[in-house]
Amino acid sequence: MIHPSITTRFAPSPTGELHLGNARTALFNWLLAEHNGGRFLLRIEDSDAERSKPKFTKQIMEDLQWLGLSWDGEILAQSQRGAVYREALDKLERAGRVYPCYCTPLEIEVSRKLQLASGRPPRYAGTCRTLNDSERTAKLAEGRKPTLRFKVPDSGLIEFVDLVHGEQRFESADIGDFIVQRADGSAAFFFSNVLDDALSGVTTVLRGEDHLSNTSRQLLIATALELKVPTYGHLSLITAADGSPLSKRHGAKSLRELREQGYLPKALVNHLFRLGHSSDLHDLLDIQKLAVGFKPAHLVRSPARFDPVQLEVWQRQAVHALSSDEALAWMRPQLPDTLDSASAGAFASVFHQNLLLPSDAAYWVQVVFGEPPEHDAEGIKLIRCAGPAFFKAAAAAIRMHGTDWKAVTTAIREQTGRKGPELFKPLRQALTGRHDGPELARLLKIITAARAIARLERLSSAIA
RNA sequence: GCUCCUUUCGUCUAGAGGCCCAGGACAUAGCCCUCUCAAGGCUGUAACACGGGUUCGAAUCCCGUAAGGAGCGCCA
């Protein structure tokens with residue numbers, strides 16, 4: 001590449017659904033690329049054949065698109081890159097930087113337990129590091145399938161500058177020899193991950209902080225292979241409200257679940273933008289504007305808590321920003337199938353600003369198209385206070401003036417002497433069973449005069 | 001156990017020795033507007049984890065302690 005403009009990537013493993021943490025990592029990498037007019041790559045790390053599922057790859061792609069994150073070029077799937085890895089592995093072997101290890105998973109497990117029990121770090125003991133040729137053939141003869149381990153230098157310092165955390169240094173002596181190729185011949189994460197980044201010209205990687213101490217391992221590989229390493233920035237984790245890791249137990253939702261509930265991508269993206277990234281931009285912004293405002297220097301080092309209330313704030317704003325057509329499409333699944341498009345459109349336009357999620361429409365569907373609503377204790381009090389004559393007058397006014405709100409309210413006022421809140425509150429309660437909602441003038445039109453009259457008369461006789 | 005990361009209002013955060021008896025946003029409380037809710041306007045409550053240093057001066061630097069988290073996998 002002549003001029004290395006920024007290239008970022010998102011490299012999920014298709015072993016599950018995208019969750020908030022993943023989504024934020026993807027978003028930040030996308031934002032960074034977009035901000036600099038660079039490229040954003042998508043790579044599927046499906047090297048774990050057991051756990052990787054094509055279904056998840058598909059879901060991840062859909063979720064990213066839904067968020068508005070498009071990637072450049074072809075998607076790289078690690079499962080298709082065996083030959084590339086083989087070549088680099090050969091190079092390492094020839095250079096004597098790796099060695100075959102014949103220890104079985106069980107043996108390693110036992111060794112780890114032993115080390116932990118005696119208060120030592122659970123590292124690979126180096127058993128196979130010094131095997132000679134005849135010992136190796138013997139192991140092979142036992143039917144053992146070797147892995148390939150990277151020979152970590154016994155001493156030395158590994159230093160790098162993290163985009164978020166600044167200068168980092170790790171002791172090579174603290175790192176055990178790690179596996180770069182599994183017994184089945186496939187490449188392991190530390191290895192394939194750096195290699196692919198270098199090969200695709202990735203310049204900057206924003207990833208979870210859980211990779212911070214592993215970075216030294218990857219740097220070791222990169223150095224051995226003479227690869228150019230990307231600049232890493234390690235994002236602090238997103239935690240639950242109590243500061244513990246976000247997990248299903250805390251009701252952490254996958255992106256898909258949030259989406260199915262009716263959360264808007266704009267709400268998610270605006271919320272995520274401010275989690276672990278500071279900005280003086282406080283308005284609901286579209287993703288392009290967020291890209292303009294995204295600054296790696298403003299990445300925050302400390303963990304951020306996921307606050308569902310804050311997400312709701314963004315959701316409310318995002319819903320308000322919807323056009324009427326968008327609002328209709330958004331809540332349509334909650335509306336009766338039998339509803340004609342004109343009525344559905346009218347409904348959406350009346351209730352658009354009063355809903356947080358499409359499921360909130362259910363109540364209003366009931367109010368508008370269904371049976372008269374139930375009243376709570378407070379509502380009943382309000383109704384009794386107004387008295388049967390009031391509702392009788394209201395019914396008569398609607399019978400006379402239809403849904404002409406101005407005429408209706410004037411008639412009720414003249415008939416009952418009630419005005420202002422005295423007039424509107426009991427009317428709203430009677431018609432909707434609630435004390436909040438859209439303007440009554442619009443509500444009456446959609447409820448229809450006939451239904452409103454029936455409702456008011458029934459109430460009038462019920463409390464008489 | 002070892003190594004690493006983190007710690008400012010309820011939440012997200014500003015803050016790189018004096019501009020900070022700590023600023024903003026959201027949430028929250030009150031008021032205004034208003035038929036209600038929302039929106040909008042105004043006002044308020046509310047934080048430097050703790051203990052030692054360094055310094056004329058520390059949220060900011062150093063050392064401890066505590067709490068939370070991560071890594072040490074033939075997971076990524």
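Numbers restart at 1 for each chain; the letters A, B, ... are given by sequence-line order, proteins then strands.
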Atom-to-atom span, NE2 of A:His298 to P of B:G15 - whole angstrom | 7 Å
State which of B:C12, B:C26, B:C5 makes the closest approach to the side chain of A:Ala304.
-> B:C12
Give the nucleotide from the list B:G69, B:U3, B:G24 with an atom nearest to the side chain of A:His282.
-> B:G24
Centroid-centroid distance, A:Phe28 to A:Phe294, less than 6.0 Å | yes
Could you check which of B:C26, B:A27, B:C72 has an atom nearest any side-chain atom of A:Val309?
-> B:A27
Can you tell me the distance, in whole Å, between the CG atom of A:Leu212 and the C1' atom of B:A70?
-> 8 Å
Give A:Gln353 one of three labels, base, sugar-phosphate or nothing, depending on what nucleic acid heavy atoms sit under 4.0 Å from its own.
-> nothing
Given B:C74, B:C26, B:A76, the nucleotide with the shortest approach to the side chain of A:Ser13 = B:A76
Proximal nucleotide (of B:U13, B:C72, B:C26) relative to the A:Phe190 side chain | B:C72
Taking the six-membered ring for Trp, are A:His211 and A:Tyr232 ring centroids under 6.0 Å apart?
-> no
Out of B:A70, B:C37, B:A76, which nucleotide sits closest to the side chain of A:Pro245?
-> B:A70
If you look at every strand shown and take non-hydrogen atoms under 4.0 Å, does A:Asp307 touch a base, only sugar-phosphate, or nothing?
-> sugar-phosphate
Pick base, sugar-phosphate or nothing for A:Glu439, based on heavy-atom distances below 4.0 Å to the nucleic acid.
-> base
Identified pairing partner of B:A38, criterion: Watson-Crick or G-U wobble below 3.5 Å | none
Row check, A:Phe190 ring normal vs A:Arg217 NZ/CZ: under 6.0 Å, within 45° = yes
Candidate nucleotides B:A76, B:U13, B:C5, ranked by approach to the side chain of A:Phe189 - the nearest | B:A76
From B:U13, B:C72, B:A76, nucleotide with atom closest to A:Arg217 side chain = B:C72
Looking only at side-chain atoms of A:Ser302, point me to the closest of B:U6, B:A70, B:G71.
-> B:U6
On RNA chain B, nearest-nucleotide positions of A:Ser118 versus A:Asp184: which is more 5'?
-> A:Ser118
Of the listed nucleotides B:C72, B:U11, B:C4, the one nearest the side chain of A:Pro122 = B:C72
Salt-bridge present (A:Arg43, A:Asp197; N to O < 4.0 Å) = yes
Watson-Crick/G-U partner (both atom distances under 3.5 Å) of B:A25 | B:U11
Quickly work out the A:Arg51 CZ to B:C74 P distance and round it to whole Å.
-> 13 Å
